[in-house]
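This report refers to the structure that appears directly beneath it.
Not measured: the values here are computed from a predicted model.
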Amino acid sequence: PYRRIELWKDTPPGEALEAPPSPLPEKARNAYAHYMRAYRSWIPERRLDEARQALALAVRSDSEEPVYHYMHGLLSLKAGENRTAREAFAKARAISDFSHRTLAETLWEARSRDLIGERREPLALYQSVASAPEALRSVRRAAQRGLAKAYDSKQLGSIAPDFIYADVYR
């Protein structure tokens, strides 16, 4: 039998299921297909524009999936589209479902705001991440650095968006 488990909580497995859960609805399958097209555009050849277009389609197909917004935000930063990135991170944060994901989205929203020149707004966001007890150490340290100094576009060269572990960022 299949059992439900919650990956982010230390709880016993859920009730036994007769069969695996039903397949994804068509809307979610279409969005995921766009997401995978973005992945294939980005990973081997770093085709940024093509990957961003595919992610925009994923977001339009399933606007309730925070990872699509998040990745669109990261690639928008790589493209220098800081306002688009800020909006994407804010949308992802508004619908996020796991605290670690929300904290990463908050960190990146703060960084995108820094890049736009909105220094006062990012400080509050950095503080919320830095003071969150559940924040991963690397995310907390990144937020503390953001409190001390505005995020600089030169730092963007070192980020490498990963579509497989999309919400594991510092």
Side-chain angles (χ1 to χ4, degrees), residues 6-10 31-32 34-36 38-56 58-59 62-170:
E6 294 187 50
L7 296 176
W8 308 113
K9 295 181 181 176
D10 190 19
Y32 187 70
H34 293 303
Y35 183 80
M36 291 309 296
Y39 167 72
R40 288 188 304 274
S41 298
W42 177 250
I43 292 304
E45 298 173 18
R46 301 288 195 254
R47 294 189 313 262
L48 182 59
D49 290 337
E50 190 176 314
R52 286 184 67 223
Q53 289 171 359
L55 278 169
V59 166
D62 187 356
S63 63
E64 294 302 310
E65 174 51 63
V67 171
Y68 301 157
H69 292 284
Y70 184 69
M71 290 303 293
H72 192 247
L74 288 173
L75 291 186
S76 293
L77 285 178
K78 295 292 273 185
E81 296 288 335
N82 301 329
R83 291 184 191 283
T84 300
R86 178 194 62 195
E87 293 169 15
F89 294 130
K91 287 176 184 173
R93 192 164 64 98
I95 57 178
S96 208
D97 46 1
F98 301 115
S99 63
H100 81 279
R101 185 180 291 171
T102 303
L103 291 168
E105 293 155 352
T106 304
L107 173 68
W108 282 101
E109 182 183 349
R111 287 174 166 178
S112 64
R113 287 176 174 273
D114 263 345
L115 293 170
I116 293 168
E118 303 175 353
R119 186 64 179 145
R120 188 177 354 198
E121 295 85 351
L123 288 173
L125 295 172
Y126 287 131
Q127 184 59 49
S128 71
V129 174
S131 63
E134 69 275 21
L136 297 173
R137 185 179 5 217
S138 60
V139 173
R140 184 178 296 112
R141 285 184 186 153
Q144 290 166 341
R145 286 192 303 272
L147 284 167
K149 183 180 176 188
Y151 193 74
D152 188 306
S153 62
K154 294 175 194 162
Q155 295 170 283
L156 289 172
S158 66
I159 68 164
D162 184 341
F163 283 73
I164 303 301
Y165 298 104
D167 58 349
V168 185
Y169 272 96
R170 51 184 178 96

Next item on the list: Show your working on side chain to side chain contact (heavy atoms under 4.5 Å, CB included) between V59 and Y35 and close with a plain yes or no.
Entry: CA-CA 9 Å; V59 166; Y35 183 80; over 6 Å; no

Checklist line | Test side chain to side chain contact (heavy atoms under 4.5 Å, CB included) applied to L115 and D152, step by step | finding: CA-CA 7 Å; L115 293 170; D152 188 306; 5.7 Å; no

Next item on the list: Starting from the C-alpha separation in whole Å, work towards a yes-or-no answer on side chain to side chain contact (heavy atoms under 4.5 Å, CB included) for H100 and V139.
Entry: CA-CA 9 Å; H100 81 279; V139 173; over 6 Å; no

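The closest side-chain heavy-atom distance from H69 to L55 is not below 4.5 Å. Side-chain contact check for Y70 versus L75: every heavy-atom pair is 4.5 Å or farther apart. A heavy-atom distance below 4.5 Å is not found between the side chains of E109 and T106. Side chains of E105 and W108 form no contact here, defined as non-hydrogen atoms less than 4.5 Å apart. In this structure the side chain of P122 never reaches within 4.5 angstrom of the side chain of R111, judged on heavy atoms. Within the 4.5 Å cutoff, no side-chain heavy atoms of L107 are placed close to those of L103. A heavy-atom distance below 4.5 Å is not found between the side chains of Y68 and H72. With a 4.5 Å cut-off on side-chain heavy atoms, M71 and F163 count as touching.
At least one donor-acceptor pair closer than 3.5 Å links the side chain of K78 to the backbone N or O of I159. Formation of a donor-acceptor pair under 3.5 Å by the E65 side chain with backbone atoms of V67 is found in this model.
A92 approaches P66 most closely through the heavy-atom pair CB-O, 3.5 Å. In this structure, G146 and L123 approach most closely via the heavy-atom pair O-CD2, 4.3 Å. Here the closest non-hydrogen pair linking H34 and A58 is CB-N, 3.6 Å. Nearest heavy-atom pair, L77 versus F89, reported as atom, atom and distance to 0.1 Å: CD1-CE1, 3.8 Å. Closest non-hydrogen pair, A85 versus G73, comes out as CB-O, 3.4 Å.
No hydrogens or angles considered: a donor-acceptor pair under 3.5 Å links the side chains of S41 and E50.
The line from CG of L74 to OG of S76 is 8.5 Å long, rounded to the nearest 0.5 Å. With values rounded to the nearest 0.5 angstrom, E87 atom CD is found 10.5 Å from E81 atom CD. If you take CZ on R40 and CD1 on I43, they are separated by 11.5 Å, rounding to the nearest 0.5 Å.
A 6.0 Å sphere centred on OH of Y151 holds more than 12 heavy atoms belonging to other residues, nucleotides or ligands.
Residue D114 is tested with R86, R119, Q155 for a side-chain hydrogen bond (donor to acceptor under 3.5 Å, both in side chains); the sole match is R119.
Within the structure, salt bridge (Lys or Arg N to Asp or Glu O under 4.0 Å) pairs that include any residue of residues 134-143 do not occur (at least two apart or interchain).
In this structure, R113 pairs ionically with E118, as a charged nitrogen and a carboxylate oxygen lie closer than 4.0 Å.
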